[in-house]
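Reviewing the structure listed below.
Counting starts at 1 for both ligands and their atoms, in listed order. The chain is numbered in sequence order, starting from 1. Please read these numbers as outputs of a predicted model, since none were measured by experiment.
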Amino acid sequence: MAMPKTSPARQPLVIDSAELRVVRLPLVSPFTIATGTMHEKLFPLLTLRSGGLEGYGEGVMDPYPDYLDEGIAGGMALLREVLLPQIVGKSFENPEALEPVLAPWRGFTMTKATIEMAFWDLWAKSLNLPLKTVLGGTKTGIDVGVSLGINPVDVTIDKVRQHVDLGYKRIKLKIMPGHDVALVTAVRRLFPDVHLTVDANSAYSLADMDVMMVLDEFGLDYIEQPLAWDDIHDHAVLQGRLKTAICLDECIRSVSDARKALASGAARVINIKAGRVSGHSESRRIHDLCAAWSCPVWCGGMLEAGIGRAHNIHLSALPNFRKPGDTSSSSRYFTRDIVNEKLETVNGVMPVPAGPGIGVTLDWPFLDSVTQSSERFPA
Ligand code: OSB
Ligand code: MG
């Protein structure tokens with residue numbers, strides 16, 4: 001794969017200042033997964049400024065550590081007290097040059113991604129190139145599916161029909177114990193040929209082998225993260241018994257996790273969320289490792305607003321993103337988004353925003369109206 005491992009050298013970019021907000025957006029409808037229900041989207045939004053340019057990053061951590069062991073409060077503290085004071089006023093030649101600032105700290109991969117991705121946007125803008133181009137991607141549109149939250153079976157069936165009719169390229173059903181086999185049976189009966197997957201968000205254990213063996217018979221493209229969020233070993237045991245591929249999400253937070261998963265046979269597909277794996281540089285390393293293992297990847301989502309969504313779209317332009325991602329139309333999540341550009345799919349294809357960096361601009365007056373707190377660096 002002809003992809004630069006180190007980004008081209010250029011004039012160092014000085015980070016003049018930063019602005020860190022917490023933003024609250026209502027969701028069009030509540031989103032239920034095995035770990036709970038989200039009614040609104042609360043997220044950190046970071047702006048890095050250099051000369052006349054701005055780079056944006058959106059944190060994907062939830063208020064509390066229910067998806068992974070990272071929450072907004074802890075991430076904000078690390079950004080405020082440690083990371084932002086270390087980068088504001090300093091210059092960095094390329095995104096890799098940021099890594100020494102981030103690497104000493106254990107975990108906090110979502111917090112690190114917030115800074116790292118904002119810097120990639122800023123850096124691509126300083127080169128006057130689209131983010132996808134500096135990442136090594138060439139697609140002009142990306143295939144996407146939808147992730148349907150847990151609802152009564154009849155409601156889910158209506159949603160499947162609606163999204164199949166809109167041309168979405170894959171349907172992912174959220175499942176949990178007691179809401180699995182009957183749901184998939186009903187959907188498969190009505191949509192025998194649809195590209196179908198399930199996502200359990202770590203709700204099962206090896207003691208649920210009976211359910212897993214039944215799920216193995218539906219021709220699913222993959223079963224996403226059925227077992228514990230931090231247990232690659234048990235997924236290897238399960239994958240050894242299934243015909244259906246396992247796709248890991250929560251278990252993969254670094255290229256080292258991906259190496260362990262591939263080497264142990266714990267997954268045959270990997271979900272990359274840049275916001276979960278410390279940002280674009282690590283995403284690209286996972287992407288390349290998976291390509292070497294002939295393992296397809298796809299880009300997951302965390303109900304991102306326009307900044308995170310635009311980052312995901314650009315990342316998905318890389319060649320080994322070979323399965324439809326979760327980056328569906330913004331209007332499925334929000335009545336009004338924080339960016340001016342519409343991020344909407346046409347027939348299951350999301351156009352990659354043109355222009356430098358992530359190619360979207362903030363709707364500042366609306367953003368101000370949904371900002372819960374704001375801090376500046378230097379103060
Ligand atoms: O497991 O992929 C997941 C949303 C929140 C937390 C975890 C997950 C999800 C989704 C929705 O599946 C993806 C999206 O539509 O952004
Ligand atoms: Mg998932």
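Tested against K174, the residues N151, N201, T32 include a single side-chain hydrogen bond (donor to acceptor under 3.5 Å, both in side chains) partner, N201.
W123 CH2 to L48 CG: the interatomic distance, rounded to the nearest 0.5 Å, is 15.0 Å.
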Find all protein N or O atoms under 3.5 angstrom from an N or O atom of ligand 1 and list the pairs with distances, or write 'none'.
| residue | atom | partner | partner atom | Å |
| --- | --- | --- | --- | --- |
| ligand 1 | 1 (O) | K174 | NZ | 3.0 |
| ligand 1 | 1 (O) | D199 | OD2 | 3.0 |
| ligand 1 | 1 (O) | N201 | ND2 | 2.7 |
| ligand 1 | 1 (O) | D249 | OD2 | 3.1 |
| ligand 1 | 2 (O) | K172 | NZ | 3.2 |
| ligand 1 | 2 (O) | D249 | OD2 | 3.3 |
| ligand 1 | 2 (O) | K273 | NZ | 3.0 |
| ligand 1 | 12 (O) | S147 | OG | 2.9 |
| ligand 1 | 12 (O) | K172 | NZ | 3.2 |
| ligand 1 | 12 (O) | K174 | NZ | 2.9 |
| ligand 1 | 15 (O) | Y333 | OH | 2.5 |
| ligand 1 | 16 (O) | M302 | N | 3.4 |
| ligand 1 | 16 (O) | L303 | N | 2.9 |

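Side-chain contact check for V237 versus R241: some heavy-atom pair is nearer than 4.5 Å. Counting only heavy atoms from C-beta outward, the side chains of L262 and C290 approach each other to under 4.5 Å. Between M302 and F43 the shortest side-chain heavy-atom distance does not fall below 4.5 Å.
Using a 4.0 Å cut-off between charged nitrogen and carboxylate oxygen, R170 and E224 do not count as a salt-bridge pair. A salt bridge links K125 with D121: the closest approach of a Lys/Arg side-chain nitrogen to an acidic carboxylate oxygen falls below 4.0 angstrom. The existence of a salt bridge linking E217 and K243 is confirmed by a sub-4.0 Å separation between a basic side-chain nitrogen and an acidic carboxylate oxygen.
When atom types are taken as modelled, the side chain of Q225 and the backbone of D249 share a donor-acceptor pair closer than 3.5 angstrom.
The set of protein atoms (N, O or S) found at less than 2.8 Å from the Mg ion (ligand 2) reads D199 OD2, E224 OE2, D249 OD2, by chain and number.
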